[in-house]
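The structure appears right after this line, and notes come after that.
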Amino acid sequence: VSSIEAEVLQRFEALAAAAQSLDVPAYLAFFDASVFSALNADGVVMHALPPFAEMYRASIDSVDGYLSLEFDRVHVSRISSDVAVLTNEYKAVVRLKTGDVVEGAGGGTQVWSRTSGEWLLVSVSSSSGPQ
């Protein structure tokens, strides 16, 4: 594993930890607001961080906590010394504030860019998969 791959994997693990903690500001700190774009599993494209952040906050507001969050087939592809692509499959189980338990699964692609020495997300996309 190259140092770039290791650095991006470390950032990905920290991102996942921030997501599991339900700490929205900590989670959003991993994103580069100046050049961010996203493609959601429902086909909606966003060309700025604020709409993505609003969507994320709204979804987290209904979550009481993660019961599990697992990532499989995590792979980092180095594009250049300052750009890498991470792909993964995930399975998540969350408890909603209503008490309901919801399972989700799918895949994701993340584009990480090193800016001022720090790896930040510049683009994310997701897909839904079988539970």
Side-chain angles (χ1 to χ4, degrees):
V1 175
S2 76
S3 65
I4 289 173
E5 292 167 326
E7 290 170 17
V8 171
L9 282 171
Q10 184 178 32
R11 291 291 285 175
F12 174 71
E13 290 168 3
L15 173 76
Q20 282 188 283
S21 75
L22 305 179
D23 185 339
V24 174
Y27 178 79
L28 293 175
F30 287 89
F31 295 80
D32 186 338
S34 68
V35 293
F36 181 75
S37 66
L39 169 62
N40 290 336
D42 61 4
V44 173
V45 174
M46 297 178 206
H47 295 290
L49 187 58
F52 177 86
E54 182 179 320
M55 178 202 65
Y56 183 74
R57 277 188 194 94
S59 67
I60 290 300
D61 282 346
S62 64
V63 175
D64 183 50
Y66 278 85
L67 300 178
S68 68
L69 179 58
E70 301 172 15
F71 294 96
D72 295 313
R73 303 190 67 198
V74 178
H75 179 76
V76 177
S77 299
R78 177 182 173 226
I79 304 303
S80 72
S81 61
D82 293 318
V83 177
V85 175
L86 183 146
T87 54
N88 68 80
E89 294 177 359
Y90 71 90
K91 292 180 184 173
V93 181
V94 297
R95 177 176 289 119
L96 301 178
K97 289 180 179 172
T98 62
D100 295 329
V101 174
V102 179
E103 297 182 31
T109 299
Q110 303 174 341
V111 180
W112 291 85
S113 177
R114 185 168 28 204
T115 305
S116 301
E118 183 176 34
W119 287 98
L120 296 173
L121 284 164
V122 295
S123 184
V124 297
S125 64
S126 62
S127 65
S128 298
Q131 315 270 330

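Being a predicted model, the structure only gives us computed values, none of them experimental. Every heavy atom of this structure was used, including side-chain atoms; hydrogens, water molecules and symmetry mates were not. Just so you know, residue 1 is the first one in the sequence shown, and it goes up from there.
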Checking side chain to side chain contact (heavy atoms under 4.5 Å, CB included) for the pair R114/I4: CA distance, chi angles, key distance, verdict? CA-CA 10 Å; R114 185 168 28 204; I4 289 173; 4.1 Å; yes
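- The distance from the CE atom of M46 to the CE atom of M55 is 4.5 Å, given to the nearest 0.5 Å.
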Using the rule given for side chain to side chain donor-acceptor pair (under 3.5 Å), can you reason through S80 versus D82, listing the C-alpha separation, both sets of side-chain angles and the distance that settles it, and then say yes or no? CA-CA 5 Å; S80 72; D82 293 318; 5.6 Å; no
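- V93 is not connected to I60 by any chain of hydrophobic side-chain contacts under 4.5 Å among Ile, Leu, Val, Met, Phe, Trp and Tyr, and they are in different clusters.
- Put simply, the side chain of V101 does not reach to within 4.5 Å of the side chain of L96, judged on heavy atoms.
- Following chains of ILVMFWY side-chain contacts shorter than 4.5 Å, one can reach V24 starting from L121, so the two form part of one hydrophobic cluster.
- In the displayed structure, E118 atom CD is contacted under 6.0 Å by more than 12 heavy atoms of other residues, nucleotides or ligands.
- A donor-acceptor pair is defined here as one N or O able to donate and one able to accept, closer than 3.5 Å; such a pair exists between the side chain of E5 and the backbone of S2.
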Apply side chain to side chain contact (heavy atoms under 4.5 Å, CB included) to the pair H47 and V45, showing each step before the final yes or no. CA-CA 7 Å; H47 295 290; V45 174; 3.3 Å; yes
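- Atom CG of N40 sits about 5.0 Å away from atom CG of D42, to the nearest 0.5 Å.
- Shown here for A26 and A18, the closest heavy-atom pair between the two residues is C-CB, 4.0 Å.
- A continuous path of ILVMFWY side-chain contacts below 4.5 Å connects W119 to F30, so both sit in one hydrophobic cluster.
- Contact detail for L120 and A29: the closest heavy-atom pair is CD2-O, 3.6 Å.
- Residues F71 and F12 bring their aromatic ring centres within 6.0 Å.
- A side-chain contact (heavy atoms from CB on, under 4.5 Å) with Q110 is found for one member of L15, V76, T87, V8 and no other, namely L15.
- For the atom pair CZ of F52 and OG of S123, the computed distance is 10.0 Å after rounding to the nearest 0.5 Å.
- Both V44 and F36 belong to a single network of hydrophobic side chains, linked directly or stepwise wherever heavy atoms of I, L, V, M, F, W or Y lie under 4.5 Å apart.
- Linking Ile, Leu, Val, Met, Phe, Trp and Tyr residues whenever their side-chain heavy atoms come within less than 4.5 Å leaves Y90 and L39 in two separate clusters.
- Summarising the geometry of S62 relative to S59, their closest heavy-atom pair is OG-O, 2.9 Å, with the distance given to 0.1 Å.
- Here salt bridge (charged side-chain N to carboxylate O under 4.0 Å, His left out) pairs that include residues 54-75, with residues two or more places apart or in two chains, are R73-E89.
- Within the 4.5 Å cutoff, side-chain heavy atoms of V63 are placed close to those of L22.
- Under the rule for a salt bridge (Lys or Arg N to Asp or Glu O under 4.0 Å), E13 has no partner lying at least two apart in sequence or in another chain.
- Taking the six-membered ring where tryptophan is involved, the planes of F31 and Y27 are tilted, since the angle between them lies from 30° to 60°.
- Side-chain contact between T115 and D32: present, with at least one pair of heavy atoms (C-beta onward) separated by less than 4.5 Å.
- Residue R11 holds its CZ atom at 12.5 Å from CG of L86, rounded to the nearest 0.5 Å.
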